[in-house]
Peer 1: 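Structure provided below as structure tokens; questions to follow.
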Amino acid sequence: QVQLVESGGGLVQAGDSLRLSCAASGRTFSNYVMGWFRQAPGKEREFVAAMTRSGGSTYYADSVKGRFTISRDNAKNTVYLQMNSLKPADTAVYSCAATYREINPMGAPWYDYWGQGTQVTVSS
């Protein structure tokens, strides 16, 4: 089992920045691909970003490329999502997820463990 706890969400204005954190416990963090997903009210969950075990490869949704950066600190068992130039369309609950498999880091069904999520609200 892997437990994931997100933090760092909040209410910001368009153009502002936020950094989300996801602290993991329970298993060897460096063995897991880590991803961030988001779900806005009335919409399906969508992929945001992912990073492979070693951090050698990253993946981003087109809607966040150039604005969001995923990173991880395996010594701290934590994955981060730096979000810059936030837009109202980024408003959602952001969840981190972990999977042992490197089959499709952008696919939610491949993830085995999920955090509860943190709310990000961007006002115009």
Peer 1: Is the shortest heavy-atom distance from the side chain of Arg38 to the side chain of Ser63 under 4.5 Å?
Peer 2: yes
Peer 1: Could you grab the distance from atom OG1 of Thr99 to atom CG of Asn104, nearest 0.5 Å is fine?
Peer 2: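 It comes to 10.0 Å.
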Peer 1: Quick one: pull up CE in Met34 and CG in Asn74 and give me the separation to the nearest 0.5 Å.
Peer 2: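 Answer rounded to 0.5 Å: 9.5 Å.
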Peer 1: Could you tell me whether a side-chain N or O of Gln116 sits under 3.5 Å from a main-chain N or O of Val5, the two making a donor and an acceptor?
Peer 2: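 Such a contact is absent between Gln116 side chain and Val5 backbone.
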Peer 1: Looking at side-chain heavy atoms only, is the closest gap between Phe37 and Tyr94 below 4.5 Å?
Peer 2: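 Counting from C-beta outward, Phe37 and Tyr94 never come under 4.5 Å.
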Peer 1: Would you compute the distance between atom OG of Ser124 and atom CD of Gln13 and round it to the nearest 0.5 angstrom?
Peer 2: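 Answer rounded to 0.5 Å: 9.0 Å.
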Peer 1: Does Leu18 belong to the same Ile/Leu/Val/Met/Phe/Trp/Tyr cluster as Val48, with side-chain heavy atoms less than 4.5 Å apart forming each link?
Peer 2: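 Yes: a chain of side-chain contacts under 4.5 Å links Leu18 to Val48.
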Peer 1: So which atom in Val33 and which in Thr52 form the shortest heavy-atom distance, rounded to 0.1 Å?
Peer 2: CG2-CA, 4.3 Å
Peer 1: Report yes if the side chains of Arg27 and Gln1 come closer than 4.5 Å at any heavy-atom pair, otherwise no.
Peer 2: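 The answer is no; the side chains never approach within 4.5 Å.
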Peer 1: Any chain of hydrophobic side-chain contacts (each under 4.5 Å) joining Tyr32 to Trp36?
Peer 2: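 Yes, it is one cluster - the side chains of Tyr32 and Trp36 are joined through contacts under 4.5 Å.
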Peer 1: Of the non-hydrogen atoms in Pro105 and Tyr59, which two are nearest, and what is the gap between them?
Peer 2: CG-CE1, 3.6 Å
Peer 1: Would you find a donor on one side and an acceptor on the other, under 3.5 Å apart, between the side chain of Gln82 and the backbone of Arg19?
Peer 2: no
Peer 1: Ignoring hydrogens, what is the shortest heavy-atom contact between Arg101 and Asp112? Give both atom names and the distance.
Peer 2: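 Reported closest heavy-atom pair: NH2-OD1, 2.8 Å.
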Peer 1: Between Tyr60 and Ile70, is there a donor-acceptor pair closer than 3.5 Å when you use the side chain of the first and the backbone of the second?
Peer 2: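 Checked: pair present.
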Peer 1: Is Asp62 paired with Lys65 through a side-chain N to carboxylate O contact shorter than 4.0 Å?
Peer 2: yes
Peer 1: Check this for me: Trp110, atom CH2, are more than 12 non-hydrogen atoms of other residues, nucleotides or ligands nearer than 6.0 Å?
Peer 2: no
Peer 1: Working to the nearest 0.5 Å, report the span between CG of Asn77 and CD of Gln3.
Peer 2: 11.5 Å
Peer 1: With hydrophobic residues grouped by side-chain heavy-atom distances under 4.5 Å, do Met106 and Leu20 end up in a single group?
Peer 2: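 No: no chain of side-chain contacts under 4.5 Å links Met106 to Leu20.
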Peer 1: What distance do Ser85 atom OG and Phe68 atom CZ have between them, rounded to the nearest 0.5 Å?
Peer 2: 9.0 Å
Peer 1: Would you find a donor on one side and an acceptor on the other, under 3.5 Å apart, between the side chain of Ser123 and the backbone of Val12?
Peer 2: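 A pair under 3.5 Å: yes.
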Peer 1: Would you name the heavy atoms of Val79 and Ser71 that are closest together and state the gap between them?
Peer 2: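 Nearest heavy atoms, Val79 then Ser71: CG2-O, 3.1 Å.
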Peer 1: Rounded to the nearest 0.5 Å, what separates atom OG in Ser25 from atom CG in Leu4?
Peer 2: 7.5 Å
Peer 1: Please find the pair of heavy atoms, one from Ser17 and one from Asn84, that lie closest to each other, and give the distance.
Peer 2: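 Scanning both residues completely, I find the closest heavy atoms to be OG-OD1, 2.9 Å.
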Peer 1: Can you give me the closest heavy-atom contact between Val122 and Thr91, atom names plus distance?
Peer 2: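 Shortest heavy-atom contact: N-OG1, 2.9 Å.
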Peer 1: Taking it one step at a time, do Arg67 and Met83 satisfy side chain to side chain contact (heavy atoms under 4.5 Å, CB included)?
Peer 2: CA-CA 6 Å; Arg67 299 189 298 122; Met83 305 186 295; over 6 Å; no
Peer 1: Ring of Phe29, cation from Arg72 - is the NZ or CZ under 6.0 Å from the centre and inside 45° of the axis?
Peer 2: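 Judged by the rule, Arg72 and Phe29 form a cation-pi pair.
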Peer 1: Within the 4.5 Å heavy-atom criterion, are Arg53 and Tyr100 side-chain neighbours or not?
Peer 2: yes
